[in-house]
Asks: 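Before I ask anything, here is the structure I am working with.
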Amino acid sequence: MSLSEPRTLAPFGRRMLAVAERRELGAYVVLAADDPGGPIPRAGQFYMLAAEREWGGRDDGRPFLPRAFSVLRARAAGPAEGAAGPAEDAAGPRLEFMLEAVGPGTERLCELRPGEGLHVTGPLGIGFPDPPDARRALLCGGGVGTAPLAIWQDELLAGGQPAPALLGFRDAAHAPGATLLQNARVATDDGSHGHHGLVTDLLDAELDADDHVVVYACGPPPMLEAVRALCEARGVPSRLALESGMACGFGACFGCVVALRDGGYARLCVDGPVLDGALLAEVPAP
Amino acid sequence: MSLSEPRTLAPFGRRMLAVAERRELGAYVVLAADDPGGPIPRAGQFYMLAAEREWGGRDDGRPFLPRAFSVLRARAAGPAEGAAGPAEDAAGPRLEFMLEAVGPGTERLCELRPGEGLHVTGPLGIGFPDPPDARRALLCGGGVGTAPLAIWQDELLAGGQPAPALLGFRDAAHAPGATLLQNARVATDDGSHGHHGLVTDLLDAELDADDHVVVYACGPPPMLEAVRALCEARGVPSRLALESGMACGFGACFGCVVALRDGGYARLCVDGPVLDGALLAEVPAP
Amino acid sequence: MTVASGSVAFCGLHLAHPIVNGSGTFDVVAARRTFGDAVLRAPGIDGPGSGFPFAAFVSKTITLERRDGNPPPRLYEAPTGLINSIGLPNKGLAGYLAHDLPELARLPVPLITNVMGSSADELCALVEALDARDEVDALELNVSCPNVDTGLDIGADPRELRAVLRQVRPRTAKPLIVKLTPNTADVAAVAQAAQDAGADAVALINTLRAYAPHPRRPGAAWLGNATGGLSGPAIRAVALAQVRDVAARVTIPIVGMGGVQTGRHAADMLEVGATLVAVGTESFRDPAAGTRISRELDELFANSGQKAT
Amino acid sequence: MTVASGSVAFCGLHLAHPIVNGSGTFDVVAARRTFGDAVLRAPGIDGPGSGFPFAAFVSKTITLERRDGNPPPRLYEAPTGLINSIGLPNKGLAGYLAHDLPELARLPVPLITNVMGSSADELCALVEALDARDEVDALELNVSCPNVDTGLDIGADPRELRAVLRQVRPRTAKPLIVKLTPNTADVAAVAQAAQDAGADAVALINTLRAYAPHPRRPGAAWLGNATGGLSGPAIRAVALAQVRDVAARVTIPIVGMGGVQTGRHAADMLEVGATLVAVGTESFRDPAAGTRISRELDELFANSGQKAT
Ligand SMILES: Cc1cc2nc3c(=O)[nH]c(=O)nc-3n(C[C@H](O)[C@H](O)[C@H](O)COP(=O)(O)OP(=O)(O)OC[C@H]3O[C@@H](n4cnc5c(N)ncnc54)[C@H](O)[C@@H]3O)c2cc1C
Ligand SMILES: Cc1cc2nc3c(=O)[nH]c(=O)nc-3n(C[C@H](O)[C@H](O)[C@H](O)COP(=O)(O)OP(=O)(O)OC[C@H]3O[C@@H](n4cnc5c(N)ncnc54)[C@H](O)[C@@H]3O)c2cc1C
Ligand SMILES: Cc1cc2nc3c(=O)[nH]c(=O)nc-3n(C[C@H](O)[C@H](O)[C@H](O)COP(=O)(O)O)c2cc1C
Ligand SMILES: Cc1cc2nc3c(=O)[nH]c(=O)nc-3n(C[C@H](O)[C@H](O)[C@H](O)COP(=O)(O)O)c2cc1C
Ligand code: FES
Ligand code: FES
């Protein structure tokens, strides 16, 4: 266990939280839950979530396993708010997640209403490491990949580091996801909002202007692969928050692996989800 | 297929209805759904019901199979109400069911709200036959066994036959079930309502007064067995609406059998659920 | 692998679509009592979606002697599945010939009669008697049964099955389907033995051996017969693996089944190598499931056809 | 059958309760990276429900040589179950001894090391090396593997297993558990062979062979390795039947597993004849499931005890 890993340890076992808030953001749902006594996660870490009730019984009896979600934000909140001392730790954070309904698990979670029970395990995995070599952070994301970049931008800005963001979305219905970050430049596939085209077009231009950066990226695999390849071609370091199908989220099942450039596999849930792009020969297509 | 069987044929396949009404009756739930174009069931017939959504995903992933429910009432209703001619058939009946939540299937059905989808197959099985030998009908039921007796009393009364009813319930929370019938005499296990004791005490007294009757009974197995034995001892014919675990409700699975006095088994869903008590050596305990 | 929709040739029979029933999961006589004659009519004659739901009808298992079946309870609801211990109740060969066959002859689709015997002799007697009947279009041998002569499950061991089939096969010229048991180490080897011994097709999977604890009495069995067989969605992935293994080994057609609930599931079964797909437990949830599934399958092929062109 | 709660004697080991993990479903090193040292502490030391969730730890399967495992995707969600094709990734015997064993030695519970080999020689080498290590309290042989010498699955056939065990058994005085494969015709016969050849216990069931179709590409397999193994609630009834069959045949203790999610399920497993109950897939849904299940089991026994008096 490296001490310098951006990883907050999780309480052992899953715990039950109550949904505190649900709001829609274009096509996305933002779900918030207070985590009394829970630790403050690092940007890029994730939680395994499952609804307390009706987790199962949809198409093919699914969902059965919990689902992985990057933390979107974790703010001090709850009863102890405003109390003296280390209030955040005493009260625990209000956790926020950004969801897109793509299957039985996310559909069920997107239906949750305030007060309903949410099983939570986390924070899990390793988050975004600090920029190396005094490089400037450049955030690049797409779709629900926006979530980990939002909390990371908060942290960078709080640390006095600029953190411009480039975000890609499918269309105008999804573009409101960009409001989760400050000063994001947006690209949409259909041109309905911002640049008409891929977010990597924006990244390419940005790197032309200044390539003493480290790119923090999260998004759909084809986007991540484009970012990885672009960064590699330009000798720019990249830190990619990857996704894969997960059963456990804590290294137990060996299911969430991604192939490494030098052979073998890494478990994204314990060795990631954030990986140095240089470790990969490619970001695998889903 | 005997023409004299009290059986209405079912449309082939399951159909989707919408819940029209849900009301609570003490500890019971009465669910109503309009069945456009559906046939008028006979008293004692049943339907297989399943919720359109969230059928599954509770304890052990259940429910999976549909559940059997006696029809409580089937009244002409819906858009064509008041229209000339055979309005009932054209519009189809409003079906009512009386439910008690005892497990995952009934719990889910009891949660249904107006407008939600209900899968329905039926009417199924053979209902109550007319009284033999000019005998007087005497209805005897308990718990959700009240349901088929309610529609049967309607029919008997409409045919000018008296149909006194004796009903047993656990306690005062369940006793409101008695309001589904006219002039029912009630017994409760805890004495909170009506006679303190078993409904068969009432039946015994009733048979003392006049035993030129046929007893129509439906209720929990121990009650049905007591009724069967009492009637047998007194030489009174009984018609028992039995229950058993069912998978299909239309004779396909051979799962719902009850042992016959003369050997072999009868499938309750096609040869019952109403059986002549004389066919049984006993009503099996659940 | 490309699979085709529409009418299907199977062992010389011409079926309107690839969906049949699993043995023991649809009773034509009881369905007629419940739903009337509509259920016996040719598909589509009374309008779209009407009529008999399967392209062929597979009878429940018939034995030489009459059987009452197992004591109840016979059913247990498992996670996304059903455990049954029905115990093959049937009127026996004589009863079947006298009472069921005349009713079944009215079906608008071919009739496949499923039989089981506990020895080669018993099976020969059953097969010969049914071979003599024109109403029967094909025979299916349920070999999930111990051989009283050897003590081994006939369908669990390739040698055992080959030996039995060598005797039974010559007794009929009708298509002979062997319904395999999934409770075996190497189902493909058993299927290969069936093919070697002259089977025209294999059908799989039958139910997985399963136990249901009593929900209220700790330590007691729920089913009257203690153990039973698991069917339904819970076993679908196991069925797909076994059909796939068998398809890689034999050239005779396969009737694939186990947990099929939708056209997509049926397509999956065809794609791993089945020629026909049987629907069992899903018919309990929806009596006309066969009709729905064959329609969904058509729609899938229509859509993929459009995509391909 | 009456079953007792509280501490359990198993092959000479004294366990605090009957709940252990299924091999390959809990990684102590990764859990410590995720949850910190709390996970390694003795149960209850940091308060009720705290600490290591199992009464003994079963390692994932170790092979002689290092294995990377199968190409992804390795997971597929089935109806109330999970299909995995992990492919037994592990550092190999040398890596296990050098890197994992020191970490595992810190566990507050006995350590059972699970090994697999594709020949009797390989198994002998593994068993001898582990026999020499004090940190290892017992050995578990995963016999769901083809024998390269004979081509037969070691665990699928009683003769095959007996022959292999006769060679392996003498190499260690530590308790030897044989983890059986469920993909066989007569698991009780295989268990009997294990007992005859000197096994101290048997563990079952391993996953059921299963296939997962690709959700978007018709005809393609989803899993990188095409087929995998089904675990979770979907297989619980099959597991109960097999444990019950084995318990009727052997006298050595049984580690029962397959779809256990609650104390009630664990009690069912004990009631059909298991001495220990292993939890696998449920730990993925709740990392501390073992703790919860053993607590629920305690409560069940407490309640039934009260009822009985
Ligand atoms: C570290 C991490 C962080 C993530 N963060 C976010 C986030 O912040 N917001 C967000 O919305 N999502 C996030 N995701 C993705 C999210 O976990 C998935 O969208 C979710 O698991 C999908 O579940 P589902 O049941 O809705 O869809 P599924 O039906 O599970 O479909 C999702 C994908 O899984 C595959 N699939 C389909 N059927 C099966 C099956 N039966 N078994 C296995 N795979 C199947 C297909 O590729 C499909 O496209 C994250 C994932 C990871 C690993
Ligand atoms: C012809 C007929 C008419 C009926 N009419 C009515 C009616 O009008 N109103 C009404 O409320 N009910 C009626 N019932 C009963 C109703 O069908 C059952 O209460 C319902 O099926 C229970 O389902 P559940 O999921 O709620 O409970 P379950 O959990 O299925 O429990 C019901 C009973 O089934 C058994 N059981 C428990 N677990 C299992 C399992 N895994 N598999 C199989 N069996 C199990 C137990 O004996 C338990 O007590 C009728 C039944 C029949 C056959
Ligand atoms: C209630 C029931 C009865 C069955 N009876 C028979 C039978 O008599 N003969 C037979 O070969 N298979 C029988 N089967 C097995 C089915 O034909 C089929 O192989 C199995 O159920 C798997 O398909 P499914 O998951 O679609 O149900 C029966 C299955 C069930 C559920
Ligand atoms: C992801 C995964 C990995 C597994 N790895 C192993 C293994 O390495 N060795 C082994 O003997 N069993 C392995 N198993 C089987 C389990 O130990 C257990 O026998 C099986 O999963 C049934 O239990 P369950 O339903 O509680 O998961 C694995 C199971 C899963 C789900
Ligand atoms: S999700 Fe199980 S090891 Fe990563
Ligand atoms: S419920 Fe299936 S035969 Fe009666």
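Values below: every heavy atom of this structure, side chains too, minus hydrogens, waters and symmetry copies. Chain A is the first sequence line, chain B the second, and so forth, proteins listed ahead of strands; every chain is numbered from 1.
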Asks: If you compare all heavy atoms of A/Cys253 against all heavy atoms of D/Phe284, which two are closest, and at what distance to 0.1 Å?
Replies: CB-CZ, 3.4 Å

Asks: Please look at A/Arg15 and chain D and tell me whether the side chain, the backbone, both or neither of the residue comes under 4.5 angstrom of a heavy atom of that chain.
Replies: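 No part of A/Arg15 comes within 4.5 Å of chain D.
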
Asks: Answer yes or no: does atom CG of A/Asp59 have more than 12 heavy-atom neighbours from other residues, nucleotides or ligands under 6.0 Å?
Replies: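 For A/Asp59, atom CG is not crowded (no more than 12 foreign heavy atoms under 6.0 Å).
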
Asks: Using a 4.5 Å heavy-atom cutoff, which residues in residues 99-113 of chain A come close to chain D?
Replies: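 Result: none.
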
Asks: What part of D/Gln261 lies closer than 4.5 angstrom to a heavy atom of chain A: side chain, backbone, both or neither?
Replies: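 Just its side chain gets close to chain A.
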
Asks: To the nearest 0.5 Å, how far apart are CZ in A/Phe254 and CG in D/Asp27?
Replies: 4.5 Å

Asks: How far apart are the closest heavy atoms of A/Leu9 and D/Gly36, and which atoms are they?
Replies: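 Heavy atoms only, the tightest pair is CD1-CA, 3.5 Å.
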
Asks: Could you check if a side-chain atom of D/Arg285 sits within less than 4.5 angstrom of a side-chain atom of A/Phe64, using non-hydrogen atoms only?
Replies: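 D/Arg285 vs A/Phe64: side chains touch.
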
Asks: Please look at D/Asn84 and chain A and tell me whether the side chain, the backbone, both or neither of the residue comes under 4.5 angstrom of a heavy atom of that chain.
Replies: neither

Asks: If we only count heavy atoms from C-beta on, is the D/Pro287 to A/Thr121 side-chain gap below 4.5 Å?
Replies: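 A side-chain contact under 4.5 Å exists here.
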
Asks: Do you know which of D/Gly81, D/Pro89, D/Ser283 has the most heavy-atom pairs with chain A at a distance under 4.5 angstrom?
Replies: D/Gly81

Asks: I'd like to know whether CD of D/Glu65 has more than 12 heavy-atom contacts from other residues, nucleotides or ligands below 6.0 angstrom.
Replies: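 At most 12 heavy atoms, drawn from other residues, nucleotides or ligands, come within 6.0 Å of this atom.
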
Asks: Measuring heavy-atom distances to chain D, does A/Arg58 have an atom under 4.5 Å in its side chain, in its backbone, in both, or in neither?
Replies: neither

Asks: With a 4.5 angstrom heavy-atom cut-off, is it the side chain or the backbone of D/Ala234 that approaches chain A, or both, or neither?
Replies: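 For D/Ala234, no heavy atom lies under 4.5 Å from chain A.
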
Asks: Could you have a look at D/Val29, D/Thr291, D/Ile86 and say which one has the most heavy-atom pairs with chain A under 4.5 angstrom?
Replies: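 Answer, by heavy-atom pair count under 4.5 Å with chain A: D/Ile86.
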
Asks: Going from OG1 on D/Thr34 to CD on A/Gln45, what distance comes out if it is rounded to the nearest 0.5 angstrom?
Replies: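 Those atoms lie 9.5 Å apart.
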
Asks: Could you report the tightest heavy-atom contact between D/Ala288 and A/Gly13, atom names first, then the distance?
Replies: CB-CA, 3.7 Å

Asks: At a 4.5 Å cut-off on heavy atoms, which part of D/Arg216 comes close to chain A: side chain, backbone, both, or neither?
Replies: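 Just its side chain gets close to chain A.
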
Asks: Side chain, backbone, both or neither: which part of A/Phe12 has an atom under 4.5 Å from a heavy atom of chain D?
Replies: both

Asks: Using heavy-atom distances under 4.5 Å, tell me whether A/Ala50 contacts chain D through its side chain, its backbone, both, or neither.
Replies: neither

Asks: So do the side chains of A/Asp271 and D/Arg33 get within less than 4.5 Å of each other, counting heavy atoms only?
Replies: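 A/Asp271 reaches D/Arg33 side chain to side chain.
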
Asks: So which bits of residues 69-77 of chain D come within less than 4.5 Å of chain A, counting non-hydrogen atoms only?
Replies: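 So far as heavy atoms go, D/Gly69, D/Asn70, D/Pro71, D/Pro72, D/Arg74, D/Leu75, D/Glu77 are the residues that approach chain A to under 4.5 Å.
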
